[in-house]
Amino acid sequence: MKRTVKRFLEALGVVAPVRGALGLVHGATGRLRGWGPVERLGVLDGYESCTSVALVVLAGAPFAAAGSRGSG
């Protein structure tokens with residue numbers, strides 16, 4: 001069970017900055033439509049760029065959480 005949680009957190013730590021960067025590219029250029037992390041969430045309309053930056057900045061948190069779970 002611990003390994004599953006740790007792998008999930010590590011995968012989240014890899015996916016989050018990639019999706020955040022893609023969202024920033026979409027916001028700046030208009031390309032890569034559909035790749036942004038929050039395009040489909042109506043609640044965050046107007047905050048797509050801020051959310052993408054937050055994903056990039058906070059991407060280290062899942063790695064820290066996975067590391068604090070210890071080995072195993």
Side-chain angles (χ1 to χ4, degrees):
M1 180 76 168
K2 284 185 177 182
R3 285 187 178 169
T4 304
V5 172
K6 188 172 181 178
R7 285 185 182 173
F8 172 75
L9 290 172
E10 289 172 347
L12 186 63
V14 170
V15 171
V18 172
R19 296 288 294 203
L22 290 171
L24 288 172
V25 169
H26 173 68
T29 65
R31 295 183 183 199
L32 301 174
R33 187 166 189 78
W35 285 84
V38 294
E39 283 181 13
R40 297 179 186 139
L41 297 175
V43 174
L44 298 172
D45 279 347
Y47 297 102
E48 291 89 355
S49 295
C50 295
T51 306
S52 295
V53 169
L55 278 174
V56 171
V57 171
L58 297 174
F63 285 117
S68 71
R69 306 268 315 158
S71 61

| query | So, does E48 use its side chain to make a donor-acceptor pair with the main chain of G46 at under 3.5 Å? | reply |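 At least one qualifying donor-acceptor pair exists.
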| message | Ignoring hydrogens, what is the shortest heavy-atom contact between H26 and R31? Give both atom names and the distance. | response |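 Heavy-atom minimum between the residues: ND1-O, 2.9 Å.
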| task | Mind listing the closest non-hydrogen atom pair of S49 and L24 along with its distance? | result | O-CD2, 3.8 Å
Just jot down the side chain to side chain contact (heavy atoms under 4.5 Å, CB included) partners of [X], sequence neighbours excluded, or say none.
{"X": "V15", "result": "R19"}
{"X": "A16", "result": "L55, A59"}
{"X": "V14", "result": "F63"}

